[in-house]
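Order of listing sets the numbers, starting from 1, for every ligand and every atom in it.
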Amino acid sequence: MDGNGRWAQRRNLPRTAGHKEGLNAAKQVVKMAADIGVKCVTLYAFSTENWKRTVEEVGFLMNLVLTHLRGEFAFYKKNGIRIRHIGDIAGLPANVAAEIRRATADTAGFTGLTVTLAVNYGSRNELARAFSKMLNDGVTDCSEDSIQAHLDEPALPDVDLLIRTGGEQRLSNFLLWQAAYAELVFSRTLWPDYGADEFRRTLAEFGARSRRFGGA
Ligand code: IPE
Ligand code: MG
């Protein structure tokens, strides 16, 4: 979900206004995904590298996660949305970590769309923690299955479609293991302007691609 800051700057607004608008875009996309029967959506909300931003911006983003999770239970319930989290929860402020734990527990029984929030997420960090867990568990076979089993959300399927908005063409430490065979779509649209229409067009483009997974 890239481009919030630029969206705001173009309107002479503070970057935080872009993040607020970005949350609306996320809700629109999540709602549409739930309506059309997508099984899993993972949103990259805050990376392990985003701590480099100003304390004001970091604080605003943390607060946005917190208040969103507190206020949206009715939205999750109505749409059957199950909330999950990936990332280093131990590195988050205690109140944000507690709210994430509460939201995942409260929505655990919902059976529609799974929305995974990547907050304080970095793929290398996740893999390093996975390997540490394996050492602690005394795992002796370093197989793909055992690595998968030690990820933050082992049951999440591989990524089918990875969308990055905002014009940059890079993965920025997102789901490097899980996106091994993902179809990549880079959109120049700034995230707050990304909505249901473009999401629908992107899904159509995805549907037209030929996926061979290395086969002939
Ligand atoms: C949103 O966009 C990314 C986060 C939610 C941290 P940016 O904040 O990176 O926006 P740009 O790239 O500065 O426009
Ligand atoms: Mg950016």
Under the ring-ring contact (aromatic ring centres under 6.0 Å, His included) test, which residues partner F73, sequence neighbours left out?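 Only F110 meet the ring-ring contact (aromatic ring centres under 6.0 Å, His included) criterion with F73.
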Protein heavy-atom partner closest to [atom] - residue, atom, separation in Å:
atom	value
atom 6 (C) of ligand 1	N50 OD1, 3.5 Å
atom 8 (O) of ligand 1	R53 NH1, 2.7 Å
atom 7 (P) of ligand 1	D2 OD1, 3.5 Å
atom 10 (O) of ligand 1	G5 N, 2.9 Å

Location of contacts on M1 toward ligand 1, heavy atoms closer than 4.0 Å: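 For M1, the contact with ligand 1 is made by the backbone alone.
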Just heavy atoms, cut-off under 4.0 Å: does E49 contact ligand 1 by side chain, backbone, both, or neither?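 Near ligand 1, E49 shows nothing, with every heavy atom at 4.0 Å or more.
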Answer yes when R15 and E56 have at least one side-chain N-carboxylate O distance shorter than 4.0 Å, and no when they do not.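 E56 and R15: not salt-bridged.
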If we only count heavy atoms from C-beta on, is the Y121 to L175 side-chain gap below 4.5 Å?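 Sidechains of L175 and Y121: in contact.
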Do the side-chain N and O atoms of W51 and N120 include a donor-acceptor pair separated by under 3.5 angstrom?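 There is such a pair (donor and acceptor under 3.5 Å, judged by atom type) between the side chains of W51 and N120.
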Does any N/O atom on F46 come nearer than 3.5 Å to any N/O atom on ligand 1?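 In this structure, F46 places no N or O atom under 3.5 Å from an N or O of ligand 1.
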Relative to the heavy atoms of [X], which atoms of ligand 1 are at a distance of less than 4.0 Å?
X	result
R6	11 (P), 12 (O), 14 (O)
A45	4 (C), 5 (C), 6 (C)
R15	7 (P), 8 (O), 10 (O), 13 (O)

Taking the Mg ion (ligand 2) as the center, what protein N, O or S atoms are found at less than 2.8 Å?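 The answer, once waters are left aside, is D2 OD1.
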Pairs flagged by salt bridge (Lys or Arg N to Asp or Glu O under 4.0 Å) wherever residues 117-132 is involved - sequence neighbours left out: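 Output for this query lists R129-D152.
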Any salt bridge (Lys or Arg N to Asp or Glu O under 4.0 Å) pairs touching residues 181-191, not counting sequence neighbours?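 Qualifying pairs, neighbours excluded: E183-R209, E183-R211.
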Students often mix this up, so state it plainly: with edges at 30° and 60°, are the rings of Y181 and F213 parallel, tilted or perpendicular?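 The rings of Y181 and F213 sit tilted, inter-plane angle from 30° to 60°.
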How about K20: does its NZ atom have over 12 heavy atoms from other parts shown lying under 6.0 Å from it?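 At most 12 heavy atoms, drawn from other residues, nucleotides or ligands, come within 6.0 Å of this atom.
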Does the side chain to side chain contact (heavy atoms under 4.5 Å, CB included) test come out yes or no for N79 and D35, once each step is laid out? CA-CA 8 Å; N79 294 287; D35 288 348; 4.3 Å; yes
